[in-house]
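Down below is the structure, laid out as structure tokens.
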Amino acid sequence: MRLRNIPGADEAIANSPYCIQNPTEHRGAWRQFLGDAPIHIEIGMGKGQFLFQLATLHPEISYIGIERYTSVLLRAVQKMEEQPLPNLHFLCIDAATITEIFAPDEIDRIYLNFSDPWPKDRHAKRRLTSSVYLERYNQILTAEGRLEFKTDNLDLFTFSLEEMEASPYWDLVASTRDLHHNEEMNEGNVMTEYEEKFSSLGNPICKLVATRHI
Ligand SMILES: C[S@@+](CC[C@H](N)C(=O)[O-])C[C@H]1O[C@@H](n2cnc3c(N)ncnc32)[C@H](O)[C@@H]1O
């Protein structure tokens, strides 16, 4: 998702109380900063539909939404201005820097929803489920930490399963190529904006859940 450049978006994000500025300053102290609650993050949150729903359903969890484009994040910030949620914050960063922002054992759950597929082989390392990223996630999650990934892109899903299985850091807990018809995995499912869009076109939704291999 990359909306047209929106004049003033950079400034609005830099001045928003909902976007955490200078996030590296909180490395190792996120729980003190946000309150002593488990921290769940979505990487590539887009406009934040998924996190607004989760944060409303689970006030006992601190949620952080990560999005690299100010033009996209601005939509989430505008929504927060209308309906503020105390347990939801945003970070405008590239996920490649995630280990500079979070220390080991700081994050309890990572959500990846409809991540950019980067279909060309030469761009495989940019996929948010590539081994490069899986190693980064392993560094910031708690021992019981968990990763949940949804997509409608079959090639990206197959790639992600292969990367997960080849990785020494992860145990695959569950996976499906038709989430909405898998009663067990779909229980309590919160739909993302892209999930609504693609499932309404008839695309099956794939999901995997993995935990750290300790
Ligand atoms: C296809 S959209 C999906 C949005 C939302 N998760 C959903 O399911 O509706 C993917 C989003 O991830 C963001 N994104 C992609 N790569 C990223 C990265 N390396 N760091 C931060 N955000 C990223 C994009 O800018 C885009 O807004």
Side-chain angles (χ1 to χ4, degrees), residues 1-6 9-10 12-14 16 18-21 23-24 40-57 63-80 88-102 107 109-120 122-137 139-140 147-157 159-160 163 176 179-180 185-186 188-201 203-209:
M1 185 186 300
R2 187 170 188 178
L3 300 180
R4 260 181 305 114
N5 195 33
I6 298 180
D10 291 0
I13 297 304
S16 170
Y18 306 116
C19 300
I20 299 163
Q21 315 295 337
T24 50
H40 295 187
I41 66 176
E42 184 187 7
I43 301 178
M45 61 173 274
K47 296 181 221 153
Q49 170 176 318
F50 176 76
L51 286 184
F52 276 100
Q53 287 187 62
L54 278 187
T56 305
L57 287 169
Y63 291 95
I64 301 177
I66 294 175
E67 170 55 52
R68 69 174 160 187
Y69 292 123
T70 55
S71 54
V72 180
L73 189 51
L74 186 60
R75 302 298 173 97
V77 165
Q78 289 165 341
K79 198 167 169 189
M80 275 285 262
L88 176 58
H89 294 84
F90 306 127
L91 281 182
C92 194
I93 58 154
D94 186 320
T97 65
I98 202 145
T99 55
E100 295 161 31
I101 311 272
F102 300 111
I107 300 301
R109 188 173 300 182
I110 297 175
Y111 293 107
L112 301 172
N113 292 316
F114 297 80
S115 308
D116 296 345
W118 292 106
K120 293 185 179 143
R122 70 174 191 278
H123 291 149
K125 284 195 166 32
R126 297 185 192 177
R127 297 173 194 152
L128 292 181
T129 50
S130 70
S131 57
V132 185
Y133 277 95
L134 293 181
E135 192 173 338
R136 291 178 178 137
Y137 305 150
Q139 285 181 47
I140 63 171
L147 176 72
E148 299 197 7
F149 170 56
K150 292 194 279 192
T151 183
D152 70 322
N153 185 307
L154 290 173
D155 288 342
L156 179 63
F157 192 65
F159 168 85
S160 306
E163 292 288 276
T176 175
L179 175 65
H180 296 172
M185 286 188 76
N186 198 43
N189 184 48
V190 170
M191 296 249 259
T192 81
E193 181 184 346
Y194 271 61
E195 184 172 355
E196 281 182 355
K197 184 163 104 183
F198 290 125
S199 60
S200 72
L201 296 173
N203 297 6
I205 305 302
C206 306
K207 178 172 181 178
L208 70 78
V209 177

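The figures that follow rest on heavy atoms only: side chains count, while hydrogens, waters and symmetry mates do not. Whatever order the structure lists ligands and atoms in, that order sets their numbers, starting from 1. Sequence positions, counted from 1, serve as the residue numbers for this chain.
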Seminar exercise, completed: Atoms of ligand 1 under 4.0 Å from any heavy atom of Thr192, numbered from 1 in the order shown, are 7 (C), 8 (O), 9 (O)

Exercise. Would you find a donor on one side and an acceptor on the other, under 3.5 Å apart, between the side chain of Glu163 and the backbone of Ser131?
Worked result: yes

Exercise. Going from CZ on Phe159 to CG on Leu154, what distance comes out if it is rounded to the nearest 0.5 angstrom?
Worked result: 15.0 Å

Exercise. What's the spacing between Glu42 CD and Leu54 CG if we round to 0.5 Å?
Worked result: 8.5 Å

For this session: Give yes or no for whether the N/O distance cutoff of 3.5 Å, strictly under, is met between Gly44 and ligand 1.
Result: yes

For this session: Give yes or no for whether the N/O distance cutoff of 3.5 Å, strictly under, is met between Ser115 and ligand 1.
Result: no

For this session: Please round to the nearest 0.5 Å and tell me the distance separating atom CD1 of Ile205 and atom OG1 of Thr192.
Result: 7.5 Å

Problem set entry | Asn189/Lys150 under side-chain hydrogen bond (donor to acceptor under 3.5 Å, both in side chains): CA gap, chis, key distance, verdict | CA-CA 11 Å; Asn189 184 48; Lys150 292 194 279 192; 2.8 Å; yes

Seminar exercise, completed: Near Phe114 (heavy-atom distance under 4.0 Å), the atoms of ligand 1 are 1 (C), 2 (S), 3 (C), 8 (O), 10 (C)

Problem set entry | Heteroatom distance test (Ala95, ligand 1): nitrogen or oxygen, under 3.5 angstrom | yes

Exercise. Taking the inter-plane angle between the rings of Phe198 and Phe114 on a 0 to 90° scale, is it parallel (under 30°), tilted (30 to 60°) or perpendicular (over 60°)?
Worked result: parallel

For this session: Drop me the distance from Glu195's CD to Leu179's CG, to the nearest 0.5 angstrom.
Result: 6.0 Å

Exercise. Would Glu42 count as a contact of ligand 1 if the rule is a heavy atom under 4.0 Å away?
Worked result: yes

For this session: Show which atoms of ligand 1 fall inside a sub-4.0 Å distance from at least one heavy-atom site of Glu193.
Result: 9 (O)

Exercise. Short list, please: which atoms of ligand 1 are under 4.0 Å from a heavy atom of Asn113?
Worked result: 3 (C), 5 (C), 6 (N), 8 (O)

Exercise. Can you list the ligand 1 atoms lying under 4.0 Å from a non-hydrogen atom of Gly46?
Worked result: 4 (C), 27 (O)

For this session: Have a look at Arg68, Lys197, Arg126, Gln49 and point out the one with the heavy atom closest to atom 16 (N) of ligand 1.
Result: Arg68

Exercise. So is Ile93 close enough to ligand 1, meaning a heavy atom under 4.0 angstrom away?
Worked result: yes

Problem set entry | Matching residue for Glu193 among Lys47, Gln49, Arg75 - test: side-chain hydrogen bond (donor to acceptor under 3.5 Å, both in side chains) | Lys47

Exercise. Is there a heavy atom of Glu195 sitting under 4.0 angstrom from any atom of ligand 1?
Worked result: no

Exercise. Relative to each other, are the rings of Phe149 and Phe157 parallel, tilted or perpendicular (30° and 60° limits)?
Worked result: parallel

Exercise. Given that the side chain starts at C-beta and the backbone is N, CA, C, O, which of these parts of Asp116 lies under 4.0 Å from ligand 1, counting heavy atoms, or is it both or neither?
Worked result: side chain

Problem set entry | Proximal atoms of ligand 1 relative to Asp94 (non-hydrogen, under 4.0 Å) | 18 (C), 19 (N), 20 (N)

For this session: Mark the output for Ile43 as yes if a heavy-atom distance to ligand 1 is under 4.0 Å, and as no if none is.
Result: no

Exercise. Side-chain contact, heavy-atom cut-off 4.5 Å: Ile41 with Leu91?
Worked result: no

Problem set entry | Those atoms of ligand 1 less than 4.0 Å from some heavy atom in Tyr69 | 25 (O)

